[in-house]
**Q** 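Shown below is the structure under consideration.
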Amino acid sequence: MMDYILLYPELFVTFFVIGIFTFGGGYAMLSLIQTQIVVSHGWMSQSMFTDIVAISQMTPGPIGINCATYTGYTVLQEAGAGHLMSILGSFTSTFALVLPSFIIVLLLVKAYNRLSGSSRFEDVMSWLRPAVVGLIAAAAVILIVPENFPDWKSWALFAAALGASFFLKASPILLIILGGVAGFLIY
Amino acid sequence: MKKASLMSIFAAFAKIGAFTIGGGYAMIPLIQDELVRRNWMKEEELPDIIALAQSAPGVLAVNVSIFVGYRLRGFKGSLAATIGSVLPSFLIILAIAMAFRDYRDNPVVERVFKGIRPVVVSLIAVPAYNMAVKCNKNIWAWLIAAATLVLVAFVGISPVYILLAIIILAGLFAWYNGRRAAK
């Protein structure tokens with residue numbers, strides 16, 4: 001009876017550790033989540049993990065959050081818990097994942113507010129800003145893979161969205177919805 | 001900057017969270033659009049926010065919400081922003097985990113996402129270009145941007161190491177200049 005009660009502290013510690021040790025977010029986080037929940041804890045199989053990744057890519061929101069929510073629910077379900085207790089599992093792992101960032105970012109904001117305006121800080125930032133621009137450009141380049149661009153129709157959609165965003169300043173949300181509608185119609 | 005209500009902070013980030021597909025950098029065009037339009041930050045501030053969010057561990061999008069929320073309304077603001085950005089994906093994933101297991105193979109869902117994916121790529125490309133034009137004021141800045149792009153996209157080096165290396169180099173440079181000026 002209630003064997004799964006011990007899973008809550010375990011989920012908390014596991015996702016707290018993942019939250020501390022993943023820099024760079026998203027994809028960097030996936031491999032750590034995988035080693036923790038598939039290899040170390042044996043909470044799910046490789047193929048179940050692959051499913052989570054696929055679902056995360058298809059649903060909105062950060063991948064790390066998606067994984068934590070899904071894992072928390074599934075692990076409790078597998079252990080025989082009911083819906084409500086499984087939802088609590090989702091909450092535990094998601095909360096644990098976000099908590100370290102919350103503490104560290106708040107400390108960084110305080111440091112930022114104190115430092116900004118000082119000339120040395122500005123010097124360092126003047127080097128960092130172009131690097132961030134390069135990072136974002138890289139994010140776009142990395143996504144140009146056959147899975148995202150299987151045929152000429154996807155390139156046409158890419159060009160249309162690029163033009164609408166650049167020249168018409170169309171809202172990103174509108175473009176995502178239109179992209180979904182177009183995909184449904186042309187494929 | 002205008003004073004923002006906690007409810008409007010929550011709503012803005014919930015909207016961003018609900019429409020970010022693919023996570024991480026895919027969120028940047030939405031953040032930029034929402035926050036600049038609401039007058040909560042200037043376009044030039046975006047690189048600072050991202051650099052800072054990257055220097056902390058965890059989910060990039062959540063880190064950005066914590067930072068922006070704090071600047072708008074302190075601790076409560078960061079709480080509202082974080083809950084806002086996490087809640088949509090939490091609810092959606094929960095519904096999926098509870099309801100369907102073969103969601104991934106649903107042909108309608110697959111078609112819709114086939115259309116969305118290339119749009120997401122172009123949505124990331126446009127702010128990168130706009131930021132480059134606004135922030136890169138000299139040849140050095142363009143070189144740093146280009147080198148970062150190549151190292152991350154083609155060499156596969158983690159952004160963390162690149163940002164750390166730049167902080168150390170720039171810090172040393174600033175320290176050296178400071179000493180020279182003092183003499």
Side-chain angles (χ1 to χ4, degrees), chain A residues 19-20 22-26 54-55 58-66 69-70 73 90 94 98 101-102 104-105 108-109 112 120 123-124 127-143 148-149 154 157-158 161-162 165-166 172-173 175-176 179-180 182-184 187, chain B residues 17-21 23-25 29-30 33 47 50-52 56-63 66-67 70 86 88-90 92-94 96-97 104 111-119 121-126 128 131-132 135-136 141 144-145 148-149 152-153 158-160 166 170-171 174:
Chain A
I20 293 175
T22 37
F23 281 90
I55 291 171
M58 286 191 173
T59 51
I63 286 183
I65 300 290
N66 292 348
T69 307
Y70 197 98
Y73 186 86
S90 279
T94 310
V98 172
S101 311
F102 202 81
I104 292 164
V105 174
L108 281 175
V109 185
Y112 175 86
R120 282 193 193 173
D123 278 350
V124 174
W127 287 49
L128 267 183
R129 280 181 201 121
V132 172
V133 171
L135 280 185
I136 297 171
V141 171
I142 287 169
L143 289 177
N148 290 342
F149 291 89
S154 50
L157 279 173
F158 171 77
L162 199 66
S165 175
F166 189 76
I173 293 175
L175 290 176
I176 288 171
F184 176 74
Y187 285 109
Chain B
F19 281 94
T20 309
I21 291 168
Y25 289 105
L30 283 92
D33 186 60
I50 294 164
L52 199 127
V59 181
L60 178 74
V62 174
N63 294 355
I66 300 168
F67 184 37
Y70 188 86
V86 171
S89 55
F90 182 80
I92 292 167
I93 288 290
L94 204 58
I96 289 169
R104 183 162 57 123
R111 272 153 71 197
V112 168
F113 277 91
K114 248 180 140 172
I116 288 178
R117 288 180 203 127
V119 171
V121 178
S122 68
L123 287 179
I124 300 174
V126 171
M131 274 166 67
C135 297
N136 293 3
I144 294 173
T148 308
L149 166 64
V152 173
S158 160
V160 185
I166 288 174

**Q** If we ignore hydrogens and angles and just use 3.5 Å, is the side chain of A:R129 paired with the main-chain N or O of B:P47 as donor and acceptor?
**A** no

**Q** So which atom in A:Y70 and which in B:I96 form the shortest heavy-atom distance, rounded to 0.1 Å?
**A** CE1-CG2, 4.5 Å

**Q** So which residue, B:A145, B:P29, B:G17, B:A125, ends up with the most heavy-atom pairs under 4.5 Å with chain A?
**A**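 Among the listed options, the one with the most contacts to chain A is B:A145.
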
**Q** Counting only non-hydrogen atoms closer than 4.5 Å, does B:L94 touch chain A with its backbone (N, CA, C, O), its side chain (CB onward), both, or neither?
**A** both

**Q** Under 4.5 Å heavy-atom distance to chain A, tell me which part of B:Y70 shows up: side chain, backbone, both or neither.
**A** side chain

**Q** If you take all heavy atoms of B:S89 and A:I65, which pair is closest and at what distance?
**A** OG-CG2, 3.5 Å

**Q** Check whether B:N63 gets within reach of chain A through its side chain, its backbone, both or neither, counting any heavy atom under 4.5 Å.
**A**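 Interface part for B:N63: both.
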
**Q** What is the minimum heavy-atom distance between A:A137 and B:L149, and which atoms define it?
**A** C-CD1, 3.6 Å

**Q** If you tally heavy-atom pairs under 4.5 Å against chain B, which of A:T94, A:V141, A:L175, A:L128 wins?
**A** A:L128

**Q** Using a 4.5 angstrom heavy-atom cutoff, name the option from A:F102, A:F166, A:Y112 with the most pairs to chain B.
**A** A:F102

**Q** Report the distance from atom OH of A:Y73 to atom CD1 of B:I93, rounding to the nearest 0.5 Å.
**A** 13.0 Å

**Q** Where do A:A131 and B:I166 come nearest, in terms of heavy atoms and distance?
**A** CB-CD1, 3.3 Å

**Q** With respect to chain A, which residue among B:G171, B:A132, B:A153, B:P118 yields the maximal number of heavy-atom pairs within a distance under 4.5 Å?
**A** B:P118

**Q** At a heavy-atom separation under 4.5 Å, does A:F149 approach chain B through its side chain, its backbone, both, or neither?
**A**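 For A:F149, the contact with chain B is made by the side chain alone.
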
**Q** Name the region of B:V121, side chain, backbone, both or neither, that has any atom closer than 4.5 Å to a heavy atom of chain A.
**A**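 For B:V121, heavy atoms of backbone and side chain both lie under 4.5 Å from chain A.
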
**Q** Of all the heavy-atom pairs spanning B:V119 and A:G179, show the shortest one and how long it is.
**A** CG2-CA, 3.9 Å

**Q** Quick one: which of A:G183, A:P130, A:S154 has the most heavy-atom pairs under 4.5 Å with chain B, could you say?
**A**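 Greatest number of close heavy-atom pairs with chain B: A:P130.
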
**Q** Heavy-atom distances under 4.5 Å only: say whether A:A182 touches chain B with side chain, backbone, both or neither.
**A** neither

**Q** Do you know the tightest heavy-atom contact between B:A170 and A:V124?
**A** CB-CA, 3.8 Å

